[in-house]
Amino acid sequence: MKLYTKPGACSLADHITLIWSGLPFEAEVVDYATMKSPEFLARNPAGAVPVLEDDGWVLTQNAAILHYISGKAPQAALDGGSDLRTRAEVDRWLSFVNADVHPAFHPIFGSTKYLGDEAAIALTQQNAREKLRGYFQRINDRVAQVDWLGGTPRPSIADAYAFVTLRWARGTKVDLSGQDALDRYEQRLRADAAVQAAMQAEGLS
C-alpha cells in the first residue's frame with residue numbers, strides 16, 4: 001500500500017493507523033503543488049489528501065481509508081474489534097470527528113475569504129472557535145471516563161483522527177482551557193510510538 005499524505009493534514013490519521021496496523025506500506029509526503037498536478041488529480045480529482053493506493057486500486061476520503069486499513073488488519077482491532085457495541089462506539093466518535101469537528105475548522109482555514117469583508121471573516125472564525133471549544137468539551141467529557149474514545153484497550157481509528165484535530169486546535173488557538181482530561185488524552189497520544197514515528201516522517205514536532 002502507498003499513502004499520499006501532506007504534513008499535518010487529516011491524512012496524518014491514516015499514517016498513524018497504518019503504523020498501528022503493522023501492515024507494510026509506503027508513505028509519500030506531498031505538497032500543495034503536487035496535489036494540483038495532473039498526475040495527482042488523476043488519483044483524486046479533489047486535489048487533496050489522503051489518497052491510498054493498494055495494488056492499483058485508489059481510495060480517497062479519510063473515514064473510508066481508516067476503515068479499509070483496519071479491515072485489512074483485523075488482528076489489530078483498530079475499528080473496535082469483534083464486539084458490536086465497541087465497534088459502534090468507535091464509529092460514533094469517528095463520525096463525530098469527521099462530520100462535526102473537522103468541518104468546523106473550515107472558516108479558520110480560510111473558507112470564508114470569499115466574503116471579502118475582514119470583520120465578517122473574523123466573526124466566522126470566532127464563531128468556529130467557539131463551536132470547536134464545545135466539540136472538544138464533548139471529547140474531554142468522554143476521555144474523562146475512558147482512556148480511548150471507543151472505550152477500547154488501545155487507541156482506535158477514532159483516536160488517530162481526533163489527535164489530528166487536536167493539533168489543529170492548538171495551532172489555531174482554539175480555547176481548550178480547563179479541559180484537563182483532553183490534555184491528558186493528548187499527551188497519551190503524543191507518547192505513542194506510532195504517533196511519534198508518523199509525525200517524524202512528516203517533519204512535524
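What you see is a predicted model; the values in this text were computed from it and never measured.
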query: Are side-chain heavy atoms of L149 and Y185 found at a separation under 4.5 Å?
result: yes
query: What do you reckon, is CD of E26 surrounded by more than 12 foreign heavy atoms closer than 6.0 Å?
result: yes
field: Verify same cluster id: Y4, V164 (apolar side-chain graph, 4.5 Å)
entry: no
Gap separating the CG atom of D79 from the CD atom of E89, nearest 0.5 angstrom: 13.5 Å
field: K6 (side chain) donor-acceptor with Y32 (main chain) under 3.5 angstrom
entry: no
Joint hydrophobic cluster, Y135 plus L94, side-chain heavy atoms closer than 4.5 Å: yes
- prompt: Is there side-chain contact between R133 and S177, with at least one heavy-atom pair below 4.5 Å?
  reply: yes
message: A side-chain contact here means heavy atoms from C-beta on lying under 4.5 Å apart; do V58 and N44 qualify?
response: no
message: Keeping W168 on the side-chain end and G8 on the backbone end, is there a donor-acceptor pair under 3.5 Å?
response: yes
- request: Run through D100, N127, I108 and flag the one making a side-chain contact (heavy atoms from CB on, under 4.5 Å) with L132.
  value: I108
- request: For Q137 and D141, test the side chains for any donor-to-acceptor distance below 3.5 angstrom and give the result as yes or no.
  value: yes
message: Tell me whether the count of non-hydrogen atoms from other residues, nucleotides or ligands lying under 6.0 Å of CD in Q61 goes above 12.
response: no
Verify same cluster id: I157, L12 (apolar side-chain graph, 4.5 Å): yes
field: Polar side chain donor-acceptor pair, D54 to Y68, under 3.5 angstrom
entry: yes
message: So, taking the atom named CG in L59 and the one named CD1 in I65, what distance separates them when rounded to the nearest 0.5 Å?
response: 5.0 Å
message: Surrounding NZ of K113 (heavy atoms of other residues, nucleotides or ligands, distance under 6.0 Å), is the total greater than 12?
response: no
- prompt: Heavy atoms, side chains only, cut-off 4.5 Å: are F136 and L166 in contact?
  reply: yes
query: Any luck finding a side-chain donor-acceptor pair between E130 and Q126 under 3.5 Å?
result: yes
- prompt: Could you give the distance from CD (E53) to CZ (R43), rounded to the nearest 0.5 Å?
  reply: 4.5 Å
field: Aromatic ring pairing F96/W93, orientation class (parallel under 30°, perpendicular over 60°, tilted between)
entry: perpendicular
- prompt: Can you get from M199 to W20 by hopping between Ile, Leu, Val, Met, Phe, Trp and Tyr side chains that sit under 4.5 Å apart?
  reply: yes
- prompt: Is the side chain of R129 donor-acceptor paired with the backbone N or O of T172 at a distance under 3.5 Å, no angle test?
  reply: yes
OG1 on T17 to CG on D159, rounded to 0.5 Å: 9.5 Å
message: Would you compute the distance between atom CG of L204 and atom CZ of R167 and round it to the nearest 0.5 angstrom?
response: 4.5 Å
message: Check this for me: Q75, atom CD, are more than 12 non-hydrogen atoms of other residues, nucleotides or ligands nearer than 6.0 Å?
response: yes
Side-chain heavy-atom pair H106, T112 within 4.5 angstrom cut-off: no
query: Are V101 and F109 connected in the hydrophobic side-chain network, where two residues link if heavy atoms are under 4.5 Å apart?
result: yes
message: Distance check, rounded to the nearest 0.5 Å: L52 atom CG versus W57 atom CH2?
response: 7.5 Å
